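One-based numbering, in listed order, for ligands and for the atoms of each. Treat the numbers as computed from the prediction; the structure is a model and nothing was measured.
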Amino acid sequence: MSKKLIVGNWKMHFTTGQASLYLHKLQEQAPNYRDVEVVLCPNLLALQSLSLQVNHRKFHLGAQNCYYQDEGAFTGEVSATQLRGLVHYVIVGHSERRHIFGETNKDTAQKVQAVLRNGMKPILCVGETKHERGEGETAHVIHDQVVAGLRNITSDEIEDIVIAYEPVWAIGTGDYAHPEDVVKAVKLIRKHVRALFGDKAAEAVRVLYGGSVDNTNASSFVWAEGVDGLLVGGASLKAKVFSAIIESAHGQDNDKG
Ligand code: PGA
């Protein structure tokens, strides 16, 4: 049975206290299904306390970013080594990291490698800006970000990698992509993975959609061809809405876990 993966990216929302209250609410409200894996990505500061509070059978934790060196004089950074044991997943190359903080494909690739080296799973985000889309550059951008992001990865590691297709113009705008375009983008992503690592890897890599996912559109994306799950920003901050998104990823014929 292949599980759907639903990731909630809380971004820079919630103080530690608010995050704890929210997790409490979510643990009460969110359904628990054997066929849906749910990952919560709070801010780094809240991770430690939430890791003690979280029901590990219901949720996994993820970080929103990390640095690629394991340790050293890098003021203000947190390494994958320091996250080890606290989280299962680390989001890497989110468009806000790329576009607000100037992270390059090279930085992103180094972070993917650091996350794998430290025994966690990277969620590599790729996607075109509105301008690039207008210029007909979508396929190029996806190619470049996937190929660069997976640099120096081995085919054995690919099953631990999640790639999120997140068109930048769809993030936080309410202007979500058309499911048919998502299917095309996901096919392209698998095609590039196939070219680099072969057929088995192209099937094994998990691919998500993200960008203005909410409870009204989640099922059209999560059940689109080739899509393994969703990366949810704003809609993951409301327990009722996020619970409904989890619900939408649950297959009809699978029992509650
Ligand atoms: P959004 O964000 O769901 O608020 O559009 C998605 C993301 O940034 O991962």
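Screening K3, H60, H88 for a side chain to side chain donor-acceptor pair (under 3.5 Å) involving E37 leaves a single residue, H60.
In the model, E132 has a side-chain atom that pairs as donor or acceptor with a side-chain atom of T129 under 3.5 Å. Between the side chains of N118 and D70, at least one donor N or O sits under 3.5 Å from an acceptor N or O.
A perpendicular orientation is assigned to the rings of H143 and H192, their planes being inclined by more than 60° (bins at 30° and 60°). Between F74 and Y67, the ring planes lie tilted relative to each other; the angle falls in the 30° to 60° range.
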Check ligand 1 for N or O atoms under 3.5 Å from a protein N or O and list each pair with its distance.
residue, atom, partner, partner atom, Å
ligand 1, 2 (O), K11, NZ, 3.3
ligand 1, 3 (O), G233, N, 2.8
ligand 1, 4 (O), G234, N, 2.8
ligand 1, 5 (O), G172, N, 2.6
ligand 1, 5 (O), S212, N, 2.7
ligand 1, 8 (O), K11, NZ, 2.7
ligand 1, 8 (O), H94, NE2, 2.6
ligand 1, 9 (O), H94, NE2, 3.2
ligand 1, 9 (O), E166, OE1, 3.3
ligand 1, 9 (O), E166, OE2, 2.8

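For the pair V183 and A224, the tightest heavy-atom approach, listed with the atom from each and the gap, is CG2-CB, 3.8 Å.
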